[in-house]
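Working notes for the structure below.
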Amino acid sequence: MKIAIIGCPYTGLKNITRAINDLCINDLRILHTDNVERANNKGILCKGVFYNYEDISSSFIRYPYDLIPPHSKDYLIREETEFYKSLALLFDNVAINKLTSTWALRNRAYSLHNIGRLGGLTPIFNLVRSNGSNYDYIENVSAVKAIGNCYVADAIDGLSKDQRAFVNIEEESDGECAAIFPASKFTKKEAISYINSFRSAFIQTEVQFNVELRCYLIDNEFFIYERETIDRFDKSFAGYLLSDYELSLTTKNSISKIAEEYRLGYLCFDLILDLNGKENIIDFNPYGSFPPYEEYPEPSRKLAQLISNMSDYHDSQY
């Protein structure tokens, strides 16, 4: 019997357990991080049963990667994050994705720079620090994004009135808050106002496009979906549509190389087709969310198979 540990503090990865059941993978026992009571030098206690580290054949812990360095103001949130990080580190040798790679590649500038280094096409970006005057490099219209993703605390009390105008503040029932700045299409004047408010920003040259795709590479197989058209620049809330689009060899090669170089068995990336049909990779996420399981179970099932087969990969691939 193979044993794997999976987890995500937000979703619990229910789609993976569903996929394992649907595929009738009967020789795999799944442990969930929510059920881990403690970890020590030799292994973990999960629902009253102790497992040695060498008993675990694979790991996929999708924890709050945005907070890998403890960017939370709140001590309890920081410690909870560190608990997930500790589990991910303890099982890094059997992980689908190498932890240090997911941390590094979640940085927008670093991931897109490396995709370009490996031959992929990305929009020009500027990682900006406020200088108070010279913004000649900013286009008349730009895509402005947060350098990171979200900020979490018990209360969002460190944002000025001007800063709050740019972010979405979401509050959970337990009082925990998150301030999220969504990808935005800004005029030059708006972009400068944002920079002056936050002192730094990630600015991409706007690319005119007709189609945005959400793409996955899982165990060397690509899955492509088109995002539904919605009346907002941030497409993170857009639904998925099945697509028969075939990625170019250039894009496939650059993504495959980055997966191999950084030891990623699972990753997703957002891609737009400009008006000339050229593929522009605009975002990269080693732990990107899955499409709805009911409609598109294929990525979840592919990952479930990889988790099941991971023990076979240690000797050959990893």
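Values reported hereafter were calculated over all heavy atoms of this structure, with side chains retained and with hydrogens, waters and symmetry mates removed. In this chain, residues are counted from 1 in sequence order.
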Open item on the list: Run the side chain to side chain donor-acceptor pair (under 3.5 Å) test on Arg18 and Asn21 for me, step by step, so that the C-alpha distance in whole Å, both residues' side-chain angles and the decisive distance to 0.1 Å come before the verdict.
Closed with: CA-CA 5 Å; Arg18 287 184 62 180; Asn21 291 332; over 6 Å; no
- [ ] Might you work through the side chain to side chain donor-acceptor pair (under 3.5 Å) test for Asn126 and Tyr135, ending with a clear yes or no?
- [x] CA-CA 11 Å; Asn126 282 284; Tyr135 298 111; over 6 Å; no
TODO: Please assess Thr122 against Asn280 for the test side chain to side chain contact (heavy atoms under 4.5 Å, CB included), listing each intermediate value before the final yes or no.
DONE: CA-CA 5 Å; Thr122 67; Asn280 290 258; over 6 Å; no
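Annotation: Tyr287 is in aromatic contact with Phe60 [ring centroid separation under 6.0 Å]. Taking the ring centroids of Tyr194 and Phe181, they lie under the 6.0 Å cut-off. Taking the six-membered ring where the residue is Trp, the centroids of Phe222 and Tyr216 are separated by 6.0 Å or more. The aromatic ring centroids of Phe269 and Phe284 lie 6.0 Å or more from each other.
Across Ile20 and Ala304, no two heavy atoms sit closer than the pair CG1-CB, 3.7 Å. Closest approach of Ala104 to Tyr110, counting heavy atoms only: O-CD2, 3.4 Å. Between Gly288 and Tyr266 the shortest heavy-atom distance is O-OH, 2.6 Å.
Residues Phe83 and Tyr53 are members of one and the same hydrophobic cluster, defined by side-chain heavy-atom contacts under 4.5 angstrom among Ile, Leu, Val, Met, Phe, Trp and Tyr. Under a hydrophobic-cluster definition in which Ile, Leu, Val, Met, Phe, Trp and Tyr are linked whenever side-chain heavy atoms come within less than 4.5 Å, directly or via other members, Leu118 and Leu105 are assigned to the same cluster. No continuous path of hydrophobic side-chain contacts links Leu121 to Val211 [ILVMFWY only; heavy atoms under 4.5 Å]. Cluster annotation: Val141 is not connected to Ile195 through the hydrophobic network of ILVMFWY side chains, with a link wherever side-chain heavy atoms come within less than 4.5 Å. Leu247 and Ile255 fall within a single hydrophobic cluster, where Ile, Leu, Val, Met, Phe, Trp and Tyr side chains are chained together by heavy-atom contacts under 4.5 Å.
Within the 4.5 Å cutoff, the side chain of Tyr225 has no heavy atoms near those of the Glu295 side chain. Residues Ile44 and Leu31 are in side-chain contact: their nearest non-hydrogen atoms beyond the backbone lie under 4.5 Å apart.
Shown here are the side-chain hydrogen bond (donor to acceptor under 3.5 Å, both in side chains) partners of Glu79, two or more places apart in sequence or in another chain: there are none.
For the residue pair Thr251 / Glu279, a side-chain donor-acceptor distance below 3.5 Å is found, with atom types taken as modelled. Looking at Tyr262 and Asn97, their side chains never bring a donor and an acceptor atom within 3.5 Å of each other.
A donor-acceptor distance shorter than 3.5 angstrom exists from the side chain of Ser57 to the backbone of Ile3, with no hydrogens or angles considered. Remark: the backbone N or O of Cys268 is not paired with any side-chain donor or acceptor of Arg214 at under 3.5 angstrom. Not a single donor-acceptor pair under 3.5 Å links the side chain of Asn276 to the backbone N or O of Lys278. Gln163 places a side-chain N or O within 3.5 Å of a backbone atom of Ser160 that can act as its donor or acceptor partner. Panel note: side chain Ser193, backbone Lys189; no donor-acceptor pair is recorded below 3.5 Å.
Under the side-chain hydrogen bond (donor to acceptor under 3.5 Å, both in side chains) criterion, no residue pair touches residues 35-45, with sequence neighbours excluded.
The cationic atom of Arg227 (NZ for Lys, CZ for Arg) lies less than 6.0 Å from the six-membered ring centre of Tyr240 and within 45° of the ring axis.
Residues Leu45 make up the rest of the hydrophobic cluster containing Phe50, defined by ILVMFWY side-chain heavy atoms closer than 4.5 Å, directly or through other members.
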